[in-house]
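Written below as C-alpha cells is the structure these notes are about.
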Amino acid sequence: MNNRIAVVPGSFDPPTLGHLDVIRRAATLYDTLHVLVVHNPDKEAMLPIARRVSLLEQAIAEAGIAGDVIVASWSVGLLVDYAAEVDAGVLVKGIRSQVDVAYETPMAIVNRHLTHVETVFLLPDPAHALVSSSLVRQVAALGGDVTPFVPPAVARLLDTGTADG
Ligand code: PNS
C-alpha cells in the first residue's frame, strides 16, 4: 500500500462545492488522488453513477484542480477492495460536524481492520460547512436555485435537466 496514493470516496449525488473543496485540498497532499463514486444502498439516488462521474470530471477540470486526479466508480465490492486494487494507502473524507464524525468513525475503524488502510479527515472551508448533497437534492426537487452550493457543471444540469457530458 502506497501512502502517497489516496481515495476520496462518496456518493457525490450530486457533487457539491464542499466535495470540490476536499478534492482540491487532497490533491495537494497526495501524488495520486482517486475520486471514487460509490453506490450507497442506504440512499435513494437522484443521478445515475455514470452521470456523477462525468459531472465530477467536468467540475474538477473547470475548477482548475491540478495534479494526478482520477475519477472512477465502484459498485462491485468493498471500498477497501478498490483501494487495494489501485494500491492506495489512504482514504480521505470531509468532516463538517459531529454528525459526520459519528457517521465516519465506525467506517474508518472497520476499513482499517479490513486492510490497514488509514482514513484522513479534512475539515471543510467554513463557507461549505453546511452544504450537503441531500439538501441540494431537496432544493433542486422543489425548484430552488442550487447555484451557490454546487460546481457550475452541476448547476447547469440541475437548472436545465440536461448536461453536456
Ligand atoms: O457520500 P456518502 O454516501 O456518505 O459515502 C459513503 C460511502 C459510499 C463512502 C460508504 O457507504 C462506503 O464506503 N460504501 C462502500 C461499501 C463499503 O466498503 N462498506 C463498508 C464501509 S465500513
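The first residue in the sequence is number 1, and the count goes up from there. None of the values given here were measured: they were computed from a predicted structure. In each ligand, atom 1 is the first atom listed, and ligand 1 is the first ligand listed.
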(Q) In the complex you have, is atom 7 (C) of ligand 1 within reach of the protein, judged by whether a heavy-atom distance drops under 4.0 Å? (A) no
Q: Considering the heavy atoms of Leu79, write down every atom of ligand 1 situated less than 4.0 Å from one of them.
A: 13 (O), 17 (C), 18 (O)
Q.
Give me the atom names and distance for the closest heavy-atom approach of Val53 to Ser73.
A. CG2-CB, 3.9 Å
Q: Compare every heavy atom of Ala155 with every heavy atom of Val150, then report the nearest pair and how far apart it is.
A: CG2-N, 3.6 Å
Q. Where is the tightest heavy-atom contact between His19 and Pro14, given as atom of each residue plus distance?
A. CE1-O, 3.8 Å
Q: Of the side chain and backbone of His39, name the one, both, or neither that has a heavy atom under 4.0 Å from an atom of ligand 1.
A: neither
Q. Quick one: nearest non-hydrogen protein atom to atom 20 (C) of ligand 1, plus distance?
A. Leu78 CD2, 4.0 Å
Q) Under a 4.0 Å heavy-atom limit, does Asn40 contact ligand 1 with its side chain, its backbone, both, or neither? A) side chain
Q: Rounded to the nearest 0.5 Å, what's the gap from CG on Leu55 to CG on Leu158? Could you check?
A: 8.0 Å
(Q) If you measure every N or O of Glu104 against every N or O of ligand 1, does any of those distances drop under 3.5 Å? (A) no
Q. Which of the atoms of ligand 1 are close to Ser11, meaning less than 4.0 Å from one of its heavy atoms?
A. 1 (O), 2 (P), 3 (O), 5 (O)
Q.
I want to know if ligand 1 touches Lys93 in the polar sense, i.e. an N/O pair below 3.5 angstrom.
A. no
Q) Is there a donor-acceptor contact under 3.5 Å from the side chain of Arg24 to the main chain of Ala66? A) no
Q: Of all the heavy-atom pairs spanning Leu135 and Leu130, show the shortest one and how long it is.
A: CD1-O, 3.9 Å
Q) Do you know the tightest heavy-atom contact between Ala26 and Val8? A) CB-CG2, 4.2 Å
Q | Residue portion contacting ligand 1 (non-hydrogen atoms closer than 4.0 Å) for Tyr103 | A | side chain
Q. Between Arg52 and Ser11, is there a donor-acceptor pair closer than 3.5 Å when you use the side chain of the first and the backbone of the second?
A. yes
(Q) Taking 4.0 angstrom as the limit and counting only heavy atoms of Met107, give me the atoms of ligand 1 inside it, by number and element. (A) 10 (C), 22 (S)
Q: Search all heavy atoms of Asp68 against all heavy atoms of Asp31 and return the closest pair with its distance.
A: CB-O, 3.3 Å
Q: Please say whether Gly10 places an N or O atom under 3.5 Å from an N or O atom belonging to ligand 1.
A: no
Q) At a non-hydrogen distance cut-off of under 4.0 Å, which region of Asn111 contacts ligand 1 (side chain, backbone, both, or neither)? A) side chain
**Q.** Subset of ligand 1 atoms that lie under 4.0 Å from at least one heavy atom of Val38
**A.** 8 (C), 14 (N), 15 (C)
